[in-house]
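Report on the structure given below.
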Amino acid sequence: MKITKAVIPVAGKGTRFLPATKEVSKEMIPIINKPMIHYAVMEAVESGIEEVLFVTSTGKQEIENYFDRNFELEHFLEERGKSEMLENVRNIGNMIEVCSVRQKEQLGLGHAISYAESFVGSESFAVILGDDLVLSETPVTAQLESIWKTHQKSVIGVMEVPNEDTSKYGIVDGEFVDGKKTLKMNKMIEKPLPKDAPTNLATPGRYILNKDIFDCLREIPRGVGGEYQLTDAINLLAKKDEVFAHVFDGDRFDTGSIAGYLNATVEFALRSNETKEIMTEIIKDKIKRYKL
Ligand code: UTP
C-alpha cells in the first residue's frame, strides 16, 4: 500500500502578497527561478506521488499551464540550440499527472479539501500546502507516509516551535507512542498562549488523511473567520478514530508570509551552487553598507 495522490489547495486570495496577487497567484511567485508551487509539486514527485489535484479558483489557470507542455516555447528554445533550458522546460511539463477542480467560493482550507472527494475515492491521500516549503533530506510527505504505513491512520506533520511562538500556530496535544517523534493525537488547539499550550508542536501544511475526513468536513460548522477549518475536521476525526502526528525532519519556510518568503529566498540561494557566491557577496555588501 502506498500514497499515490496529493491534493494541493491553491484557491486562497493571498492577501499578504497584495498587490502582487491582484493578478498573479501567490503560488506562482518565484523563489530564485522557480515558482513556489514547483517546490511543492517536486516534494510530491520525490515522495512517489503519481497524481496531483490542484484546488483552484478564478484566475489560477497559470498554475495548471505551468505543469503543461509549452510547445511554442520548446520550439523557440530548440531553434536557438538552448538544449539545457529546453530539457528543463520539457521536464516540468512531464513532471507528474495533474488535474484541477474549482473551489467556487473561498470558504476556507477545510472547504477546499472537501472538493477532493471524488479525486481521492477510497484511498488515503496527502495534502501539501504550496506556500509552506520544507527543505529536508527525505521529503516530508514521504516521512509522513512511512508512519501511515505502520499505523494505517491519518498522520499530521508537526514541527517544534519556540514556546513563546505557540500562539502563532495550531498546536497538537497527544502522547508519544514511538520515542520522541510520533504521537497519538488527542486534539489540535488553535493558537494557544504559551501557558495554555500542551506541547510546542505546531502544524504547518503537511498531512496524510484517510477518506473519513470528508464525512468530518460535512459535519463541522463554520469556524474561525467564518471559514470551514481543516483543523476542526481533524479534531472531529480524532474523536472517531486514531490520528497520529509526526515530528518531521527539515527546515520549514512559511513562504505565504513576507518574512518567510525573504528567509526562503536567502536560504535557497545559499544552498544552490549557482547562487551561493552571489548571495554571499550581496549579504556581505549590505552588512557593510548599512552597518548592520
Ligand atoms: P492561507 O491561510 O495562507 O490563505 O491559506 P491565503 O488566501 O492563501 O493567503 P492570505 O492569508 O490571504 O495571505 C492556506 C492554504 O489554503 C488554501 C490557500 O491557497 C493556501 O494554500 N486555501 C485557503 C484554499 O485553497 N481555499 C480557501 O478557501 C482558503
Side-chain angles (χ1 to χ4, degrees), residues 5-31 34-44 49 52-64 66-67 98-120 125-134 140-141 156-159 167-171 188 190-191 202-207 209 213-214 217-218 220-234 252-264:
K5 293 179 179 176
V7 178
I8 307 188
V10 293
K13 298 256 181 250
T15 54
R16 285 169 291 172
F17 269 91
L18 280 169
T21 45
K22 187 167 168 269
E23 289 301 327
V24 176
S25 309
K26 172 173 68 178
E27 295 78 9
M28 288 304 291
I29 294 175
I31 294 175
K34 296 187 191 78
M36 283 179 207
I37 194 70
H38 183 109
Y39 298 96
V41 170
M42 202 58 183
E43 179 186 323
I49 298 290
V52 160
L53 175 76
F54 292 123
V55 182
T56 70
S57 53
T58 314
K60 301 257 177 176
Q61 294 87 334
E62 55 195 355
I63 295 177
E64 292 154 67
Y66 180 79
F67 292 99
V98 300
C99 54
S100 68
V101 59
R102 284 266 182 118
Q103 184 189 18
K104 305 267 165 7
E105 231 185 316
Q106 279 58 69
L107 296 180
L109 177 59
H111 183 248
I113 299 301
S114 67
Y115 277 79
E117 190 166 11
S118 59
F119 166 77
V120 161
F125 62 102
V127 174
I128 299 175
L129 296 197
D131 55 359
D132 265 313
L133 301 189
V134 184
V140 187
T141 298
I156 317 299
V158 294
M159 61 177 194
S167 58
K168 295 182 191 160
Y169 299 94
I171 297 291
M188 268 157 82
E190 262 316 313
K191 303 186 169 72
T203 56
R206 293 295 184 279
Y207 314 82
L209 299 171
I213 196 70
F214 296 111
L217 285 166
R218 269 186 283 277
I220 54 164
R222 289 188 190 216
V224 178
E227 297 189 341
Y228 293 98
Q229 300 288 348
L230 183 60
T231 304
D232 293 343
I234 291 173
R252 174 259 188 179
F253 300 87
D254 172 14
T255 51
S257 73
I258 299 288
Y261 173 76
L262 292 174
N263 188 8

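Atoms within a ligand are numbered from 1 in the order they appear, just like the ligands themselves.
Near A112, the atoms of ligand 1 lying under 4.0 angstrom from a non-hydrogen atom of the residue are 24 (C), 25 (O), 26 (N). Using a 4.0 Å cut-off to heavy atoms of Q106, the atoms of ligand 1 that qualify are 28 (O). Each of the atoms 28 (O) of ligand 1 lies under 4.0 Å from some heavy atom of L107.
Assignment of Q103 to the shell around ligand 1 is supported, since a heavy atom sits closer than 4.0 Å.
Of all the heavy atoms of V10, the ones lying under 4.0 Å from any atom of ligand 1 belong exclusively to the backbone.
In terms of N/O distances under 3.5 Å, ligand 1 is approached by K13. Residue-to-ligand polar distances place G14 within reach of ligand 1: an N/O pair is separated by less than 3.5 Å. Ligand 1 has a nitrogen or oxygen under 3.5 angstrom from a nitrogen or oxygen of P9.
Here the heavy atom of the protein found nearest to atom 16 (O) of ligand 1 is L109 CD1, 3.5 Å. Among protein heavy atoms, the minimum distance from atom 20 (C) of ligand 1 is reached at D131 OD2, 3.9 Å. When only non-hydrogen protein atoms are considered, atom 12 (O) of ligand 1 lies nearest to T15 OG1, 2.6 Å. Scanning all protein heavy atoms for the shortest distance to atom 15 (C) of ligand 1 gives L129 CD1, 4.1 Å. Shortest contact from atom 19 (O) of ligand 1 to any protein heavy atom: G12 N, 2.9 Å.
In terms of heavy-atom proximity, D132 sits nearest to T255 at N-OG1, 4.1 Å. Y115 and R102 get closest at one heavy-atom pair: CE2-O, 3.0 Å. Between V7 and A116, the shortest heavy-atom distance links the atoms CG2-CB, 3.6 Å.
For the pair L53/K5, no side-chain contact is recorded, criterion being any heavy-atom separation below 4.5 Å from C-beta on. No side-chain heavy atom of Y169 sits under 4.5 Å from any side-chain heavy atom of M188.
The nearest protein heavy atom to atom 5 (O) of ligand 1 is not closer than 4.0 Å.
Between F214 and F125, the ring planes are parallel. Angles under 30° get that label, and only those over 60° would be called perpendicular.
Considering K26, R16, E27 only, the shortest heavy-atom separation from atom 8 (O) of ligand 1 involves K26. Of the candidates A11, G108, G225, S57, the one placing a heavy atom closest to atom 29 (C) of ligand 1 is G108.
Atom CZ of residue F54 and atom CD1 of residue I8 lie 5.0 Å apart, to the nearest 0.5 angstrom.
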